[in-house]
Amino acid sequence: MSKINTLEDLNKAGKRGLATLIPSGTKIMVGMATSGIASGAQDVYHALDREIRERRLDIILSRTGSMGMDCMEPLVDVLEPGKPRLAYGKITAKKAPTLLEQIAKGTIETIKPFYRMDEEESIILGKSKRYGDGSVPAYLKEIPTIKEIPFYAKQVKIATRNCGLIDPESIDEYIAKGGYSGLYKAITGMKPEAIIKEVIASGLRGRGGGGFPAGIKWKTCREAKGDVKYVICNGDEGDPGAYMDRSVMEGDPHSVIEGMIIGAFAIGSHDGYIYVRNEYPLAVANLGKAIEKAREYGLLGKNIFNSGFDFDIRISKGAGAFVCGESTALMASLEGAAGEPRAKYIHTVEHGLWNRPSNLNNVETWANVPAILTRGGKWFAGIGAQNSTGTKVFSVVGKINNIGLVEVPMGTPLKDIVYDIGGGVPHGRKFKAVQTGGPSGGCIPEKLIDLRVDFDELWKAGSMMGSGGMIVMDDRTCMVDIARYFIEFLESESCGKCIPCREGVRRMRDILEDICAGKGQAGDVELLETMSQAIIDGSLCALGGSAPNPVLSTIRYFRDEYDAHIKEGRCPAGVCKALIKYSVDSETCTGCGMCVKVCPTGAARGEKKQPHVIDEATCTRCGACLESCKFDAINVK
Amino acid sequence: METARTDERTKLREIIARYHGEKSSLIAILQDIQEAYNYLPVAILKMVGQEMDIPLMRVYEVATFYNAFSLTPRGKNVVEVCAGTACHVKGAINLLENLERELEIKCGETTKDETFTLEQVRCLGCCSLAPVVRIDGNIHAYLTQQQIPDILRNYRK
């Protein structure tokens with residue numbers, strides 16, 4: 001493949017990309033991000049491939065990333081010439097032949113698509129391209145458009161703009177969607193200072209958790225003394241419950257690479273690193289292939305766009321340490337050492353990796369950069385809230401109907417995310433809280449459902465943005481158990497360097513375990529609060545400094561649950577095993593024997609067709625009966 | 001015995017050469033060693049120190065700091081129960097306890113026949129499929145306790 005040196009070369013690659021993105025023949029795309037594969041997308045792909053070959057069909061089969069609606073996976077999109085793009089959810093290998101027959105007949109009789117797209121939007125180019133002539137055949141009019149689906153209606157996709165639309169292995173398709181035009185504009189037409197000015201004007205704040213203004217960070221790093229500077233991408237997405245960065249790295253790796261090249265040019269760096277967590281093998285693979293492609297095209301390497309600017313990127317794999325998401329720990333890990341953070345009064349923008357000026361941003365932050373360059377800082381600043389501009393990707397997971405990744409303008413009310421996009425809590429249960437910000441964040445209670453989600457509002461509510469995980473909880477989630485869960489997480493992930501975090505968090509875990517075990521004492525809550533303050537004040541890095549947040553926010557909003565555990569020996573949510581009892585509702589029990597069969601200790605007993613009983617003494621509260629009962633006859637109190 | 005040692009040293013040198021012997025690549029080198037041996041044998045760690053001129057203490061520090069490394073042999077199939085928040089609120093702890101019962105080992109241990117190692121993993125980032133367990137790299141989604149015996153049987157084959 002020849003190198004891309006000029007705008008003409010770039011446009012040529014874009015034309016090649018468009019020819020596969022919207023081909024002249026029929027194309028089927030299978031969503032093959034990790035979540036898609038885990039739902040069976042690989043089998044679906046192979047089944048389609050086999051059928052297409054055997055029937056000698058003239059159909060192009062391709063892979064794509066995730067459109068975010070994970071609860072509908074495996075997702076298969078069908079694009080026929082002159083027709084809207086159709087999205088089919090929950091496709092299995094078995095359904096593959098039926099789907100192909102349906103395409104051949106030109107119907108949607110057997111398998112219904114759940115939405116259609118009449119046009120393909122490119123946020124980078126600021127325009128949409130209609131499929132075919134834009135007309136919708138009569139038989140497709142009953143299918144809602146993507147914008148009519150509540151899950152997508154309020155979404156604005158900037159960072160995840162290409163996920164689920166392009167083949168992540170095709171650099172040409174990325175270019176067809178306007179990719180690398182921001183880089184071209186920056187390198188050939190702008191001075192580094194002007195680029196930084198644009199990023200400052202955009203108001204872009206770091207999406208990794210802290211929310212520090214990216215442009216200011218770039219400026220400080222550019223101005224820092226030193227010939228050798230580094231640009232780093234933090235792909236160590238460690239917050240449990242957050243996976244937007246995985247989705248971007250897997251589904252649109254070039255957006256991160258392009259962002260980094262622009263950043264490097266602005267800062268004056270020639271070496272970049274992407275640090276990816278060990279748990280994301282597909283992200284590592286896709287980034288690796290993308291870097292190779294970018295090198296082949298001369299977009300990485302020497303003399304990019306004939307400008308004399310050199311830059312290249314290396315991937316570094318983490319090895320399973322949550323603390324490595326902290327910037328100084330990450331840099332220590334890049335140096336091949338144990339990932340222990342250091343005090344932050346020495347700024348990494350001046351003394352970072354190998355003691356040289358280093359600029360670190362996370363995946364989502366970098367992915368936003370190309371859009372800011374092509375559309376302008378002002379455009380970006382016009383989206384979202386005043387001090388939190390642009391969009392944010394959230395992983396809306398837990399006790400929610402429409403589980404998936406959503407990208408909405410900053411400042412979107414929490415209510416819209418939970419009810420309109422998320423579709424509310426399943427099984428008619430009661431919504432209790434949303435946990436945001438990972439282990440450093442907190443729980444937002446139901447009474448704050450109108451909260452506008454941005455960096456500052458979340459902080460005011462006692463939580464934080466973190467990387468964007470939103471774990472929805474219902475009345476069957478125990479808030480004391482959640483506090484215990486996060487503290488236990490942080491205890492084992494604490495690097496052990498400083499005492500307040502290492503010893504303090506451990507003692508807090510002891511107290512919380514006691515409360516959950518029914519051994520809580522009067523004064524425990526106050527003791528937890530005092531210890532929290534000491535840990536916040538005394539810890540070296542943000543891991544310790546924010547470790548007490550889940551405890552403090554649950555005490556703040558759910559004190560009654562702590563009291564129920566301590567004073568009444570009761571777990572209102574029915575979670576803490578020492579405080580709950582399993583019993584059978586003799587009215588609804590049909591005596592089917594299922595619980596007897598699955599009970600590992602023989603605690604569930606009874607004659608066939610007679611109401612069963614659970615023996616409290618031998619019951620281990622493992623939940624096997626509850627999970628297997630088809631008649632909802634198991635009570636937990 | 002001597003030849004075995006020489007063979008292992010040659011194998012190790014190959015791994016180190018992939019990274020041009022750079023000390024900063026220690027983590028990647030240990031990852032490759034774990035890939036080759038399924039764990040980090042102490043004898044090999046000592047060789048790493050000698051070959052790369054890194055004090056054994058440093059090698060050991062890195063090998064014990066990161067959760068992905070194991071200093072004891074692991075089973076043929078590694079069973080990882082996701083302990084992410086989404087999995088937690090959907091009852092991952094019950095899956096872990098069920099697996100402990102089925103495999104007759106505690107979390108972190110390996111079965112006597114070395115078929116399975118049971119571990120907890122922080123978050124696999126498949127929160128939409130919670131609760132999940134990853135076995136041998138394959139993710140089992142929306143897992144229930146009832147499915148566990150059949151799934152394990154497939155890996156025993």
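Since the model is a prediction, treat every value here as computed from it, not as a measurement. In the text below, chain A, chain B and the rest are named by the order of the sequence lines, each starting its count at 1.
A distance of 10.5 Å separates SG in B:Cys127 from CG in A:Asp239, rounded to the nearest 0.5 Å. Atom OG of B:Ser128 and atom CD1 of A:Ile400 lie 13.0 Å apart (nearest 0.5 Å).
Using modelled atom types, one side-chain atom of A:Tyr485 and one backbone atom of B:Ala83 make a donor-acceptor pair closer than 3.5 Å. Although no hydrogens or angles enter the test, the distance criterion places a donor-acceptor pair under 3.5 Å between the side chain of B:Lys90 and the main chain of A:Gly398. Formation of a donor-acceptor pair under 3.5 Å by the B:Asn67 side chain with backbone atoms of A:Ala321 is not found in this model. Listed for the B:Gln145 side chain is a donor-acceptor partner under 3.5 Å among the backbone atoms of A:Cys622. Here the side chain of A:Ser35 pairs no donor or acceptor atom with the backbone of B:Cys126 at under 3.5 angstrom. In this structure, the side chain of B:Tyr66 engages the main chain of A:Gly339 through a donor-acceptor pair within 3.5 Å.
Contact annotation: the side chain of A:Tyr243 never approaches that of B:Cys123 to less than 4.5 Å [non-hydrogen atoms, C-beta and beyond]. For the pair B:Asn98 and A:Glu627, the minimum side-chain heavy-atom distance is 4.5 Å or more.
Among A:Met473, A:Arg277, A:Lys597, A:Met244, the residue with the largest count of heavy-atom pairs under 4.5 Å with chain B is A:Arg277. With chain B as the partner, the residue from A:Phe486, A:Phe489, A:Trp354 showing the most heavy-atom pairs under 4.5 Å is A:Phe489. Most heavy-atom pairs under 4.5 Å with chain A, from the set B:Asn94, B:Ile139, B:Val132, B:Leu95: that is B:Asn94. With chain A as partner, the option from B:Thr144, B:Thr85, B:Leu26, B:Asn138 having the largest number of non-hydrogen pairs under 4.5 angstrom is B:Thr85. With chain B as the partner, the residue from A:Arg314, A:Arg621, A:Gln435 showing the most heavy-atom pairs under 4.5 Å is A:Arg314. For chain B, the option among A:Ala319, A:Pro240, A:Gly404, A:Gly241 with the highest count of heavy-atom pairs below 4.5 Å is A:Ala319. In terms of heavy-atom pairs under 4.5 angstrom with chain B, the leader among A:Cys324, A:Gly320, A:Cys495 is A:Gly320.
Residue A:Cys478 does not touch chain B at all, counting heavy-atom pairs closer than 4.5 Å. Interface remark: B:Val121 contributes side-chain atoms only to the contact with chain A (heavy atom separation under 4.5 Å). With a 4.5 Å cut-off on non-hydrogen atoms, A:Ala624 touches chain B through its backbone and its side chain both. For A:Met470, no part sits under 4.5 Å from any heavy atom of chain B, backbone or side chain. Using a 4.5 Å cut-off between heavy atoms, A:Ser333 contacts chain B through both its backbone and its side chain. No part of B:Gln34 comes within reach of chain A, as not one of its non-hydrogen atoms sits under 4.5 angstrom from that chain. For A:Ala242, the part lying near chain B is the backbone, with the side chain staying farther off; criterion is any non-hydrogen pair under 4.5 Å. Looking at A:Ser395, neither its backbone nor its side chain comes within 4.5 Å of chain B, counting heavy atoms on both sides. Contact of B:Gln146 with chain A is made through backbone and side chain together, with heavy-atom distances under 4.5 Å. For A:Ile37, no part sits under 4.5 Å from any heavy atom of chain B, backbone or side chain. Looking at A:Arg476, neither its backbone nor its side chain comes within 4.5 Å of chain B, counting heavy atoms on both sides. With a 4.5 angstrom heavy-atom cutoff, A:Phe322 does not touch chain B via any of its atoms.
When every heavy atom of A:Ala38 is checked against every heavy atom of B:Ala141, the shortest pair comes out as O-CB, 4.3 Å. Looking at every heavy atom in both residues, A:Tyr280 comes nearest to B:Leu124 through CE2-O, 3.8 Å. Nearest heavy atom pair, residue A:Gly318 against residue B:Gln31, reads O-NE2, 2.7 Å. For the residue pair A:Gly336 and B:Val62, the shortest heavy atom distance occurs at O-CG2, 3.6 Å. Between B:Gly125 and A:Arg246, the shortest heavy-atom distance links the atoms O-NH2, 2.6 Å.
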Does the pair A:Asp481 and B:His88 meet the rule for a side chain to side chain contact (heavy atoms under 4.5 Å, CB included), with working shown?
CA-CA 10 Å; A:Asp481 174 69; B:His88 178 75; 2.7 Å; yes
Could you give me the CA-CA distance, side-chain angles and deciding distance for A:Asn278 and B:Phe69, then say whether side chain to side chain contact (heavy atoms under 4.5 Å, CB included) is met?
CA-CA 11 Å; A:Asn278 185 48; B:Phe69 296 129; over 6 Å; no
Go through A:Asp70 and B:Leu129 one step at a time and tell me if the side chain to side chain contact (heavy atoms under 4.5 Å, CB included) criterion holds.
CA-CA 8 Å; A:Asp70 298 338; B:Leu129 311 169; 5.8 Å; no
Begin with the C-alpha distance, continue with both residues' side-chain angles, and end with the deciding distance and a verdict on salt bridge (charged side-chain N to carboxylate O under 4.0 Å, His left out) for A:Glu493 and B:Arg122.
CA-CA 10 Å; A:Glu493 293 298 334; B:Arg122 275 316 175 191; 3.2 Å; yes
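Around CZ of B:Arg58, the count of heavy atoms belonging to other residues, nucleotides or ligands within 6.0 Å does not exceed 12. The neighbour count for B:Tyr60 OH, taken as heavy atoms of other residues, nucleotides or ligands under 6.0 Å away, does not exceed 12.
A salt bridge links A:Lys577 and B:Glu97; the closest N-O separation between the charged side-chain nitrogens and carboxylate oxygens is under 4.0 Å.
Evaluated for a side chain to side chain contact (heavy atoms under 4.5 Å, CB included) with B:Val89, the options A:Asp474, A:Val397, A:Ile482, A:Val575 yield exactly one hit, A:Ile482.
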